[in-house]
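We're numbering straight along the sequence, starting at 1.
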Amino acid sequence: MTDRQQGGTTAERLAQLRGGLSAVEQRIAAACAAAGRPRAEVSLVVVTKTYPASDTRLLAGLGVREVAENRDQDAAPKAAECADLPLVWHFVGQLQTNKVRSVVRYAHHVHSVDRPRLVGALSEAVLRAERPELGCLVQVALDAGVGHGRAGVAPDQVLPLADLIAGTPGLRLDGVMTVAPLSGPLAGDPAAAFAALAEISSAVRAAHPAATMVSAGMSGDLEQAIAAGATHVRVGTAVLGARSPLG
């Protein structure tokens, strides 16, 4: 670990991370209380993309157990450097099939499954690696077909893709994921967007009862996501501060 990071000493960075983590934990607890949900129902996944492995190590020391990355070229070396830590790794970015063999070496969950070809590639890589089942979430594009929407599948294609994942060797259907849409009728209304995801999640669980994960909500809208039933919130900036390049 270097002595200086994020413009200060390790001790200063640790204090920054402790403060950010405490503030986010308070927000999650308050949102759970407002929604009448036990705090234990919601997992905080800290999005460590663009931050160095030293930050991940400090976060682990503060009790963080779930971290997320969105680019394999950054995640793979970071996961290797932190292999001694008791962390659960979530891959949340768009995943190209040529990166699959690398991702399955460290990821416990892939939140961004959005096409049958990716399902096949993930299965092949998992079986070849002889590793435990890989948890997969269907990424839902709530603004599908509207301008330049988010990545993911249209709501009416979620169940077919979920069925495919559930029936594919080496993969485990864990649930659904979305990002609040930038366009379309739900743009600017995360509460409505996450309510729509909750309905989709219910339909998936009716067919696949074990697929209970609902990954939704980030630094700016985690309260609305928790109110709508999110089980996992993906928070980066509110914990780690303004983005800085990996160094």
Result for side chain to side chain contact (heavy atoms under 4.5 Å, CB included) between Val176 and one of Val113, Leu197, Leu161 points to Leu197
The residue among Arg115, Met177, His111 that forms side chain to side chain contact (heavy atoms under 4.5 Å, CB included) with Gln139 is Met177
Exercise. I would like to know whether Asp74 and Tyr51 meet side-chain hydrogen bond (donor to acceptor under 3.5 Å, both in side chains); could you show each step before the answer?
Key: CA-CA 9 Å; Asp74 299 331; Tyr51 292 95; over 6 Å; no
Please answer whether the main-chain N or O of [Y] pairs with a side-chain N or O of [X] as donor and acceptor at a distance below 3.5 Å.
{"X": "Arg101", "Y": "Ala129", "value": "no"}
{"X": "Arg71", "Y": "Gly93", "value": "no"}
{"X": "Thr168", "Y": "Leu171", "value": "no"}
{"X": "Arg39", "Y": "Cys32", "value": "no"}
{"X": "Arg37", "Y": "Ile226", "value": "yes"}
{"X": "Ser123", "Y": "Gly170", "value": "no"}

* Could you go step by step and tell me if Arg13 and Asp55 meet the salt bridge (Lys or Arg N to Asp or Glu O under 4.0 Å) rule? -> CA-CA 8 Å; Arg13 183 56 176 156; Asp55 276 355; 2.9 Å; yes
Hey, quick one: are [X] and [Y] part of the same hydrophobic cluster, counting side-chain heavy atoms closer than 4.5 Å, chains of contacts allowed?
{"X": "Tyr106", "Y": "Val100", "answer": "yes"}
{"X": "Val140", "Y": "Leu95", "answer": "yes"}
{"X": "Phe194", "Y": "Val24", "answer": "no"}
{"X": "Leu62", "Y": "Val42", "answer": "yes"}
{"X": "Val88", "Y": "Leu173", "answer": "no"}

Could you walk me through whether Leu85 and Arg57 pass the side chain to side chain contact (heavy atoms under 4.5 Å, CB included) test, one step at a time? CA-CA 8 Å; Leu85 300 174; Arg57 192 165 289 279; 3.6 Å; yes
Q. So His90 and His109, would you call those rings parallel, tilted or perpendicular, with 30° and 60° as cut-offs?
A. parallel
- Side chains of Glu69 and Thr48, donor plus acceptor under 3.5 Å: yes
_For Gln94, is the CD atom crowded, meaning more than 12 foreign heavy atoms sit under 6.0 Å from it?_
no
Heavy-atom closest pair (Leu118 atom, Ser112 atom, distance to 0.1 Å) is CD2-O, 3.8 Å
